[in-house]
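Have a look at the structure below, then the notes.
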Amino acid sequence: LDRLLPAGSVAQQSLPLQAQAEQIGSKVSGQWGVLAWSIDRDQPLISINADRLFVPASNNKVFSSIWAFDLLGPDYRFPTDLLITGPIENGVLRGDVVIRGSGDPAFGYPDFTQDPMDPLRLMAQALRRRGVQRVEGGVIGDPFAFDTILIGLSWPRDTGGGSANYAPRVSGLPFQRNVISIRAVASSGGPTIELTPAVQVVPVVVRARRGGAPGLAGRRARTGHLSG
């Protein structure tokens, strides 16, 4: 509150917290509520719309973070395991490679590494040190660390049908936040589509034309194809 009021102001010096909060709230648009409780006095310090129900949105992250710190500790790291399902014979892995995630939010995330592929390159180097030159089976991603509730109940309504980049599906193996960014660049021969990361296994169907209203990219639930 002190940072939101001018330094040395009368309101800052004399008004109680409730009055200061109401003064600040009168200048803020939207619907919101706050409750600050004094543990020592066992009484509220600030109470504005405290009995109203709101969608908590990202405020839930505060409680989740406090719980995680208390249970796991500040030094805990979410592991991403590299597993093999068969023997290595003459440089050939007679089985599959399994990448098993536990929900590491930093796995392949550009904010934590210069190249999202760096964690996968480290895994490839680990296989090479074990003598693997070729994989006879497949490379399987295991994202099933959590339950089957992968999206918030209201996300289809308030995230553009799930296309918002701040609301990807929950996964135990969230490579680059489970987001593929699509950038369309207008050109004389039609729009040029750029994907980040530049994957080719996700087909993109483009029916866009120049002009008109802003475009929106959506995901087809059954096929997984992206259309815009």
In terms of side-chain geometry, is the basic nitrogen of R77 or D104 positioned less than 4.0 Å from the acidic oxygen of its partner? no

Can you establish whether the number of heavy atoms outside [X] located under 6.0 Å from its atom [atom1] is more than 12?
X    : atom1 : result
D147 : CG    : yes
L71  : CG    : yes
Q43  : CD    : yes

Can you list every pair that meets salt bridge (charged side-chain N to carboxylate O under 4.0 Å, His left out) and has a residue in [range], with sequence neighbours left out?
range            : value
residues 81-90   : D81-R100, E89-R94
residues 170-190 : R183-E194
residues 56-65   : none

With sequence neighbours excluded, tell me which residues meet salt bridge (charged side-chain N to carboxylate O under 4.0 Å, His left out) with R129. none

Rounded to the nearest 0.5 Å, what separates atom [atom1] in [X] from atom [atom2] in [Y]?
X   : Y    : atom1 : atom2 : result
I88 : L127 : CD1   : CG    : 7.5 Å
T85 : E136 : OG1   : CD    : 10.0 Å
T80 : I99  : OG1   : CD1   : 8.5 Å
S65 : N60  : OG    : CG    : 10.5 Å

If a pair satisfies ring-ring contact (aromatic ring centres under 6.0 Å, His included) and one of its residues is in residues 39-74, list it, with sequence neighbours excluded. none

Donor-acceptor under 3.5 Å (S102 side chain, P79 main chain): yes

Backbone of R41 reached by a side-chain donor or acceptor of S38 within 3.5 Å: yes

Would you please indicate if the ring centroids of F78 and Y76 are separated by under 6.0 Å? yes

Out of curiosity, does L120 fall in the hydrophobic cluster containing V139 (side-chain heavy atoms, cut-off under 4.5 Å, transitive links)? yes

Sorted by chain and residue number, the ring-ring contact (aromatic ring centres under 6.0 Å, His included) partners of F144 (sequence neighbours excluded) come out as none

